[in-house]
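Worksheet: the structure to be examined is printed underneath.
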Amino acid sequence: MTTLVARSRRSLGRVLPALLWPALLLAGVVPGLLPRLLAPLAGGEVPDTGSTPLWQLALVHLGFVLSAEAAVVLLGVPLAVAVTRPGREALMRLAEALTGLGQTVPTLAILALAVPTLGLGVKPTMLGLVLYALVPVVSNGVAGLLAVDPALKDAAEGMGMTGRQRLWRVELPLSLPVLLAGLRISTVYNVGTATIGAALGAGGLGLLIINGLSQQNTALVMVGAILSALLALSLDAVLGLFTPPE
Amino acid sequence: MSALSSAPAARDRKIAVAGDLQAVFWLGALPMLAACFLPWVLLRPNRIAQGEYLHLPASYLALGLVLALAVPVSARVWPRLTGVLASVALALGFWWLGTRTGAALQGQSDLARASASSGVWLWLLGAGIAVYGAGVLAARLGAVQKWLPWLWLPLLLATVLSGQLSHWSVIRELGVQQSRFVQELAQHLRLVLSALGLAVVIGAPLAVWASRRERVAGTVLGLANGIQTVPSLALLGLLIAPLAALSSAFPALRAMGISGIGTAPALTAMTLYALLPILRNGVVALRGVSPGVLDAARGMGMTDNQRFWRVQLPLALPVWLSGLRQAAAVLVGVASVAQLIGAGGLGYFIFSGMQSGAGDLILLGAVPAALLAIVLSTLLRGLESVLARRLGRA
């Protein structure tokens, strides 16, 4: 009985944010609502959010994050699988060292380093987003695949499964929770990275923050900050539904 | 019989080990080979003009190809040499950057800029991978060879100190803005270190307090994760309003230099951001100490205070320090964005470079920021492993 209560409370604790944050986000992008609420910060003047409606900026932002995430799944998961095959320890350690390096180097530095080659705009931002999102996905993918009990792999082999079958039917399903946790982390971080991408002229919600900062318009900064924070919290809560609790 | 059957197995294992490293060396050789055929220098009449791409001359190209292939081949034939070759390849990348930019600038005006092009970056990437592989290989070979893959470090230092790189556009840019660079680097370090210090002073007692209370610990962890989901730029932005309000409400605070724009909000946001890994890892580390060990300490007649300082804290320290390392890495990143709210730091060069379309100026900010993050996290990682080893031995 108590466990049942505990479980339902826990699932409520997961479902509630997944409803609350997106609802607040939707309310926030209603044209004119948020700028009017924040007007007192600008001395009663409604901040000018530019010609692009807020919902469109939020969608562009979400588009950046999700397309980077799609590229990361296509690149990162095969990479994690490839380096965790037996007899590839050195490659695995190289992948871990490189992803560790990616985690250490500042976001803006990576984005900025790409500018001289790729120019300003969407291209360097997407490169930065993909590189950043690769880190948690690859490291979690490797960790998840390594954590699969060797006895289970032996048992699968004993049942006559081929290497490919073992991968698809045993190793990947068992490592899925850890992999999804990595995907969740990288998605949430990338909402933040994408705001910095606005400094490179990529657009999205960061545009409001950057414009607000350069015009010294606190209310405009707040519109961008609140919306991007809500987007991050929404994605975190929604993806949290698919990952097991820690 | 057993000796007979184990010998081939051992040999198989050795071949397998060599095979996986061989793949790493080829992985490093590919970008190096490609780099030989790509442009190394971009020559422009001034720092924002269009330019022309210059390739390596034939003699350099031949040497480059030979060296790129020599690394993976030597790993198979004479593994002891691999570390030296990989180190030479890495240092040579920088040396050639110096000679090629110098050659390109000959007969050009003072305004001309010669920057590194794709060939340089790919070569350095490949050589870096080779050095990494050589390090793994040397660790397997034994004691003396262990240091050979580090040969690139003195070679690189010699290249830099000899002024070989002085024609490279980024170094030129540095020469123009030297005093500004020192100032912004100092401000960057000041921001990072003060935020880190503040976060430790606030976070450490809080973590100790929270780790002893089940519900508080849960709340703290939840809150810490929650704040971390908020993008750093958004957090910087969100703090402007309350701090601006504070400074206009209390003129005393304004006199102290606290306002919506500048060092104060940057430092506040950075401290909050650094607080999270320190709190989270602190709580996790302190609660991770086995209750059996604490019971044993109590059984030895230690007081609560002694148990904390002599048993729980030392055991928790390595994990806690890894939180500090994460915090430091994050802070270097946030500090480079802090320029946007007028707090200065290396971000100054990145943003002014982006505004004026000067790639070299961007690199002048981005490369030191990246190096700073790597150096800080390497130092803290070293501290972690020293502590862990000492505690393991004690």
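No experiment lies behind these values; they were computed from the predicted model shown. The analysis underlying the following values was restricted to heavy atoms, covering all of them including side chains, and did not include hydrogens, waters or symmetry mates. The chains referred to below are lettered A, B, ... by the order of the sequence lines, with proteins before strands, and numbering in each begins at 1.
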Surrounding [atom1] of [X] (heavy atoms of other residues, nucleotides or ligands, distance under 6.0 Å), is the total greater than 12?
X        : atom1 : value
A:Lys123 : NZ    : no
A:Arg85  : CZ    : yes
A:Phe64  : CZ    : yes
A:Arg93  : CZ    : no

Inset, instruction - Hey, could you give me the CD1/CG distance between A:Ile209 and B:Leu340, rounded to the nearest 0.5 Å? - result: 9.5 Å
Determine the minimum heavy-atom distance between [X] and [Y], stating which atoms define it.
X        : Y        : result
A:Pro106 : B:Gly333 : CB-CA, 3.4 Å
B:Pro231 : A:Ala232 : CD-CB, 4.1 Å
B:Val24  : A:Leu94  : CG1-CD2, 4.2 Å

Please flag which part of [X] lies under 4.5 Å from any non-hydrogen atom of chain B: side chain, backbone, both or neither.
X        : result
A:Ala97  : side chain
A:Leu200 : both
A:Leu101 : side chain

Inset, instruction - Flag the one option from B:Ser336, B:Ala328, B:Ser118, B:Gly133 with the top tally of heavy-atom pairs under 4.5 Å to chain A. - result: B:Ser336
Report yes if some heavy atom in the side chain of [X] is under 4.5 Å from a heavy atom in the side chain of [Y]; otherwise report no.
X        : Y        : value
B:Ile350 : A:Leu111 : no
B:Tyr132 : A:Leu98  : no
B:Ile341 : A:Val221 : no

Legend entry - Heavy-atom contact with chain A under 4.5 Å, split by part of B:Val136: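 The answer is the side chain of B:Val136.
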Legend entry - Contacting moiety of B:Leu235, where chain A heavy atoms sit under 4.5 Å: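 Neither part.
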Legend entry - Interface residue of largest heavy-atom contact number with chain B, from A:Leu108, A:Leu233, A:Val191, under 4.5 Å: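 Among A:Leu108, A:Leu233, A:Val191, the one with the most close pairs to chain B is A:Leu108.
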